[in-house]
Engineer: 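One structure follows; several queries about it will come next.
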2 protein chains.
Amino acid sequence: MVKKQLIMEKSLELFAESGFEATSIQQITERCGISKGAFYLHFKSKDELIYSLIDKFMSEFIADIERSVSEDKPKEELLYNFLYTTFGEFQQQANFAKVFLKEQVLSFNKELFERFHMYTTIINKIIFSVVQRQFKDVNLNMQLDLLFTINGLSKGYGELFLIDNYNVDLDKLCKAIVEKVTIIAEHATIQFITPDYFASTNQHMNITKEQIVDLMIEVMGEVEQDSIVHESLVLLRNHLIEPTLSDVLIEGLLKNIRSSSQCKWIAYLYQIQLEQKK
Amino acid sequence: MVKKQLIMEKSLELFAESGFEATSIQQITERCGISKGAFYLHFKSKDELIYSLIDKFMSEFIADIERSVSEDKPKEELLYNFLYTTFGEFQQQANFAKVFLKEQVLSFNKELFERFHMYTTIINKIIFSVVQRQFKDVNLNMQLDLLFTINGLSKGYGELFLIDNYNVDLDKLCKAIVEKVTIIAEHATIQFITPDYFASTNQHMNITKEQIVDLMIEVMGEVEQDSIVHESLVLLRNHLIEPTLSDVLIEGLLKNIRSSSQCKWIAYLYQIQLEQKK
DNA sequence: TATAATAATGACTAATTGGTCAGTTGTCAA
DNA sequence: TTGACAACTGACCAATTAGTCATTATTATA
């Protein structure tokens, strides 16, 4: 399994240097010092490699920021914590950050696009929960504007990290952004974003039950037999084909599989599917 | 010449759909209903096509925003004008905007990257001149932070334009951003950006005199003989090989060639070259 | 040491790429 | 009608791509 790690590391380097599409499997195997065949022992395709990379890094990243803004943290430090963790990760995983930034803006591969969409949706939800707690006196629509403001400022200042060797004082950067957001929360009056925006972002997911079942069967082959994750997948699959279980049971099963990074994606699609059914 | 137009339009469509690298010349010629050979009558290579597209759209775009924030405009409307023109163009040239956003973030092709770098530098200079005029009481370092704030908010809210069919009230959007920037200009105290950042952004240009001369000779072949642009190019080229003219004369000649969209890029490189010499 | 199982190889395929160029077509003026 | 010139064509080329698979090397077990 150590070779799989090697492939992921080296390919990430190459993707950061020249982009995903422009990097060939030849190049990856050469840099790893392995043969082409060995690559396909670990990944079914080039696409699967990038999905693995994204899932691995993003689920770690999300776990980190979730921890940094958890319920027990002081309310007035939430935004600072979020930013500090985000930029810290950004700095540490510079290669992944580059790939993410590049491919995320507009990913033309549909599956890739939807994966990115999921992760940004999750992150947006986290930011919004931060806003709701730290700026709870602000009204809903302005909270949505704060979400956009935070996203925007992060992107604007985030560019500094793309300059090699430019040393950023993380603490000061985060304080500068927190100050700006706080000032806007206190003084701004024009609310631009309305909740229907969020309704519109989730609509362009059009995935069939069959596609999800296929995905589940695929992952079931990779997951340890008789584990909680595996059994949960079986039950969820059966429920999708022939609904038998109550909402609360499904909720628990989804929590079960979300503990595996390979399944986060499935859990997300599954939930959307259920919501559409209603 | 009408066929060249056709190629540029259709290829832009395709680039917006699938990205520059993923679009083949086959696809372009098919959509245009022309042969492969015909393509190469108008463009020396695939790269030259994208350079043309970028130069065409960006020089028009920059001319537009320069007009919208010119000296004669009321100081308190400058930022609004800039945003309104920017987003308006964004909406109108949705295809180009998509390509620009996608390729701009991190362009792995060196020449492409430097071209984008030039245009974003020019735009940053325009934004900064807006800030200096509209927020002239703010101190220099905070003005730099305002530049980052404007860029960030534009990026954050700009995402709304990437959702198809999402109708944006341009006027309200611009007012919402102007209000936020104004509030920050009045209340913010933490200054993060320092002028040395801008010094560092211009350093990673490493272009030789010979490369610039080659570029100039190339463009001289495409430009009308005996025109002001052509003669200016000749004089500038001679000066680069064997300096004879005074700074002020060079300044004027550069202004001459900047009137041609094909030469903006050359003028930019030329100026950097001269600055490095000193 | 012999056997079975697993890991790894790299020549191979079929498809696609950007780019070329000998040849065809269309359009003028003479 | 002729001939000159430009516009245009598409078969062709060498290089590269993702992915396959018969073969070989390595390791573990008996």
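Numbered from 1 within each chain, the chains take letters A, B, ... in sequence-line order. Just so you know, these numbers come straight off a predicted model, no measurement behind them.
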Engineer: Salt-bridge test for A:Lys155 and B:Glu159: reply yes if a basic N is under 4.0 Å from a carboxylate O, no otherwise.
Structural biologist: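 Result for this pair is yes, salt bridge flagged.
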
Engineer: Which heavy-atom pair separates A:Ser59 from A:Asp55 by the least distance, and what is that distance?
Structural biologist: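 The answer is OG-O, 2.5 Å.
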
Engineer: Residues two or more places apart in sequence or in another chain: which of them pass ring pair (Phe, Tyr, Trp, His ring centres under 6.0 Å) with A:Tyr40?
Structural biologist: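 For A:Tyr40, no residue satisfies ring pair (Phe, Tyr, Trp, His ring centres under 6.0 Å) once neighbours in sequence are set aside.
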
Engineer: Looking only at side chains, do A:Glu48 and A:Ser45 share a donor and an acceptor under 3.5 Å apart?
Structural biologist: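 Judged by distance alone, the side chains do not pair up.
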
Engineer: What string of B, S and - do you get for nucleotides 13-28 of chain D, 5' to 3', when a contact is any protein heavy atom under 4.0 Å?
Structural biologist: ----SBBBB-------

Engineer: Identify the stems formed by DNA chain D, where each pair is Watson-Crick or G-U wobble with both distances under 3.5 angstrom and a stem is at least 3 consecutive pairs.
Structural biologist: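 When the pairs of DNA chain D are grouped into runs of at least three, the stems are C:1-27 with D:4-30.
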
Engineer: If you look at every heavy atom in A:His230 and A:Met220, which pair is closest and at what distance?
Structural biologist: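 Nearest pair, atom of A:His230 first, then A:Met220: CD2-O, 3.4 Å.
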
Engineer: I'd like to know whether B:Phe87 forms a ring pair (Phe, Tyr, Trp, His ring centres under 6.0 Å) with B:Tyr157, so could you lay out the CA-CA distance, the side-chain angles of the two residues, the decisive distance to 0.1 Å, and finally the verdict.
Structural biologist: CA-CA 10 Å; B:Phe87 288 133; B:Tyr157 284 95; 8.2 Å; no

Engineer: Need one value for A:Ile34: base, sugar-phosphate or nothing, where a base atom within 4.0 Å counts as base even if backbone is also close, heavy atoms only.
Structural biologist: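 Result for A:Ile34 = sugar-phosphate.
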
Engineer: Extract, from 5' to 3' on DNA chain C, the first and final nucleotides lying under 4.0 angstrom from some heavy atom of chain A.
Structural biologist: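 For DNA chain C, the relevant span reads C:dA8 to C:dG10.
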
Engineer: May I ask you to decide if the ring planes of A:Phe113 and A:His117 are parallel, tilted or perpendicular, using 30° and 60° as cut-offs?
Structural biologist: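 Correct class here is parallel.
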
Engineer: Under the rule for side-chain hydrogen bond (donor to acceptor under 3.5 Å, both in side chains), what residues qualify as partners of A:Ser232, not counting sequence neighbours?
Structural biologist: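 Scan of A:Ser232 (side-chain hydrogen bond (donor to acceptor under 3.5 Å, both in side chains), adjacent residues dropped) gives A:Asn256.
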
Engineer: What class does the angle between the rings of A:Phe96 and A:Phe57 fall in, given that below 30° is parallel, 30 to 60° is tilted and above 60° is perpendicular?
Structural biologist: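 Rings of A:Phe96 and A:Phe57: parallel, under 30°.
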
Engineer: Please list, one pair per line, the donor and acceptor atoms closer than 3.5 Å that link side chains of residues 6-15 of chain A to other protein atoms, with sequence neighbours excluded.
Structural biologist:
{"residue": "A:Ser11", "atom": "OG", "partner": "A:Ile7", "partner atom": "O", "Å": "2.8"}
{"residue": "A:Ser11", "atom": "OG", "partner": "A:Met8", "partner atom": "O", "Å": "3.1"}
{"residue": "A:Glu13", "atom": "OE1", "partner": "A:Arg31", "partner atom": "NH1", "Å": "2.8"}

